[in-house]
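Report on the following structure.
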There are 2 protein chains.
Amino acid sequence: MNGPQAAKWEMVEAGGRTAQSFGLNRLLGQIYMLLFLSREAMSLDQIAAQLGISKASASIASRQLESWGAVRRVWMKGDRKSYYAAETNLLRIVDGGLLPSLLKKLHSARIQIERSRRLLEEGDGDPDQKRFIRVRLDQAESYRSKIEALLENPIVRRIL
Amino acid sequence: MNGPQAAKWEMVEAGGRTAQSFGLNRLLGQIYMLLFLSREAMSLDQIAAQLGISKASASIASRQLESWGAVRRVWMKGDRKSYYAAETNLLRIVDGGLLPSLLKKLHSARIQIERSRRLLEEGDGDPDQKRFIRVRLDQAESYRSKIEALLENPIVRRIL
DNA sequence: GGGTATGTTTATTAATTTTTGAACGTTAAA
DNA sequence: TTTAACGTTCAAAAATTAATAAACATACCC
């Protein structure tokens with residue numbers, strides 16, 4: 001194998017391992033890295049062939065990546081195939097998928113804490129126990145909002 | 001079920017769902033939340049009983065949490081059982097497990113990029129192709145180091 | 001020492017996730 | 001209107017991960 005190919009393959013494997021280390025499907029990291037290191041956009045067949053996987057798997061994983069904004073579809077004139085290209089701008093990936101998804105989780109965490117607080121106050125029980133849970137729910141909400149503030153902080157964005 | 005119990009259970013379930021949404025074992029979120037909302041530390045038997053799981057599962061998950069610094073073992077005088085208590089200080093969890101683990105991943109990413117660059121430069125191949133891969137590896141390393149800088153930035157820590 | 005209460009490991013089972021080939025639907029060319 | 005080239009969906013197979021009971025190890029008590 002020549003230099004570029006060897007380097008690319010090494011990165012593709014590392015991408016797969018990294019994805020797995022975050023609890024994601026290995027293919028997500030592999031496909032992203034493959035596209036990141038490809039000069040031209042690739043069709044599903046090309047992706048599947050390069051990675052030795054079925055077209056079905058390539059299709060599912062590529063659309064997953066697309067939904068996160070990590071990859072985009074490009075159309076070649078005079079070709080019905082759809083091609084995928086990596087989004088190489090980190091901020092665009094962050095804004096287009098990662099950040100919204102984290103903010104959504106933080107939002108539902110807030111809703112959840114509110115719901116629990118309601119259950120706490122509406123039901124009865126030992127006052128001391130109630131007081132304790134109340135303090136902890138407040139603490140949880142305090143951390144939650146700090147994390148939210150962190151994600152939305154312009155200083156943080158500017159570092160990337 | 002009374003107020004505190006209902007509120008607690010609601011949070012335990014939410015913790016499990018949140019853990020799963022990050023690709024983690026559901027029990028990790030459930031146990032942490034159970035301990036976070038418990039006034040006293042809990043033994044493995046208590047944890048297992050409350051969540052309706054085996055002691056083996058409770059043991060494995062609790063130690064996992066402990067290794068991340070999210071939970072700590074406390075010893076009660078005159079009791080051979082080991083009890084677990086939630087670490088409720090977010091910064092301590094971040095410093096004691098989360099951050100080190102992310103920094104470790106970033107470190108091995110750097111090693112990986114270096115290895116690929118070596119493979120690229122040592123092997124032969126089309127010069128244009130080589131140049132392209134080189135640019136992308138540089139780009140990857142640039143993003144990697146920015147993320148590292150972000151995680152180590154004191155402003156970021158101060159927000160939490 | 002023998003007995004008991006622990007936590008951990010292990011081998012197995014159960015559940016979940018990933019992967020696939022084949023069926024399907026769609027589009028556009030022939 | 002066929003036919004062919006696609007991408008997607010689906011049901012089943014394969015692989016992985018989670019959960020368990022039982023065996024094991026350890027520390028403590030008598």
Side-chain angles (χ1 to χ4, degrees), chain A residues 12-13 15-35 40-68 70-86 101, chain B residues 12-13 15-35 40-68 70-86 101:
Chain A
V12 166
E13 292 214 316
R17 286 194 302 271
T18 301
Q20 279 189 309
S21 84
F22 282 102
L24 303 173
N25 185 330
R26 189 179 85 263
L27 287 184
L28 297 172
Q30 289 184 326
I31 292 177
Y32 178 78
M33 203 49 88
L34 183 64
L35 296 174
E40 288 100 13
M42 296 177 72
S43 70
L44 285 182
D45 283 321
Q46 290 174 311
I47 292 170
Q50 290 252 338
L51 297 180
I53 59 175
S54 70
K55 198 166 61 159
S57 293
S59 173
I60 293 167
S62 297
R63 271 181 303 148
Q64 172 86 285
L65 286 169
E66 191 193 11
S67 81
W68 294 345
V71 138
R72 49 181 211 285
R73 242 179 251 248
V74 300
W75 277 271
M76 310 291 215
K77 60 179 177 184
D79 193 336
R80 293 205 288 117
K81 282 203 201 66
S82 56
Y83 291 83
Y84 286 93
S101 133
Chain B
V12 167
E13 292 215 315
R17 286 194 302 272
T18 301
Q20 280 190 309
S21 84
F22 281 102
L24 302 174
N25 185 329
R26 188 180 87 262
L27 288 184
L28 297 172
Q30 288 184 326
I31 292 177
Y32 178 78
M33 203 48 89
L34 182 63
L35 295 174
E40 289 100 13
M42 296 178 72
S43 70
L44 284 182
D45 284 320
Q46 291 175 311
I47 293 170
Q50 289 252 339
L51 297 180
I53 60 176
S54 71
K55 198 167 60 159
S57 293
S59 173
I60 292 167
S62 298
R63 272 182 302 150
Q64 171 86 286
L65 286 169
E66 191 193 10
S67 79
W68 294 344
V71 138
R72 51 180 208 286
R73 243 179 252 249
V74 300
W75 277 271
M76 308 292 214
K77 60 180 177 183
D79 192 337
R80 295 205 288 114
K81 282 203 200 65
S82 55
Y83 291 83
Y84 286 94
S101 133

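Just so it is clear, the model here is predicted, and its values are computed rather than measured.
Atom NZ of A/K77 and atom C1' of C/dA28 are 19 Å apart (whole Å). To the nearest angstrom, P of D/dT20 lies 14 Å from CG of B/D45. Protein atom CG of B/L24 is 9 Å distant from nucleotide atom P of D/dA18, rounded to whole Å. Taking atom CG on A/N25 and atom P on C/dT16, their separation rounds to 18 Å, with Å as the unit. Atoms CD (A/Q20) and C1' (D/dT17) sit 12 Å apart, rounded to a whole Å. Distance A/I53 CD1 to D/dA14 C1': 16 Å, rounded to the nearest Å. If you measure from atom OH of B/Y84 to atom P of C/dG7, you get 8 Å, rounded to the nearest angstrom. Look at NZ on A/K81: it is 4 Å from P on D/dC6, rounded to the nearest Å.
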Problem - side chain to side chain donor-acceptor pair (under 3.5 Å) between B/R72 and B/Y84, intermediate numbers included - result: CA-CA 6 Å; B/R72 51 180 208 286; B/Y84 286 94; over 6 Å; no
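In the set C/dG7, C/dT9, C/dT20, the nucleotide with an atom closest to the side chain of B/A56 is C/dT9. Checking D/dT20, D/dT8, C/dT8 against every side-chain atom of A/R63, the shortest atom distance belongs to D/dT8. Considering only the side chain of A/I60, C/dT20 comes nearest among C/dT4, C/dT20, D/dG7.
Among the atoms of the strands shown, only primed sugar atoms or phosphate atoms (P, OP1, OP2) are found under 4.0 Å from some heavy atom of A/S82.
Residues A/E66 and A/R73 form a side-chain contact, since some pair of their non-hydrogen atoms from C-beta on lies under 4.5 Å apart.
For A/S59, a side-chain nitrogen or oxygen approaches OP1 or OP2 of D/dT8 to under 4.0 Å. The shortest distance between the side-chain N/O atoms of A/S57 and the OP1/OP2 oxygens of C/dT20 is below 4.0 Å. Contact annotation: B/R26 reaches the phosphate of D/dA19 (side-chain N/O to OP1 or OP2, under 4.0 Å).
With values rounded to the nearest 0.5 angstrom, A/T18 atom OG1 is found 10.5 Å from A/Q30 atom CD. For the atom pair CZ (A/R80) and OG (A/S43), the distance works out to 13.0 Å, reported to the nearest 0.5 Å. For the atom pair CG of B/N25 and CD1 of B/I60, the computed distance is 9.5 Å after rounding to the nearest 0.5 Å.
Nucleotides of DNA chain D nearest to A/K55 and B/R80 differ in position, and the one nearer the 5' end is that of A/K55.
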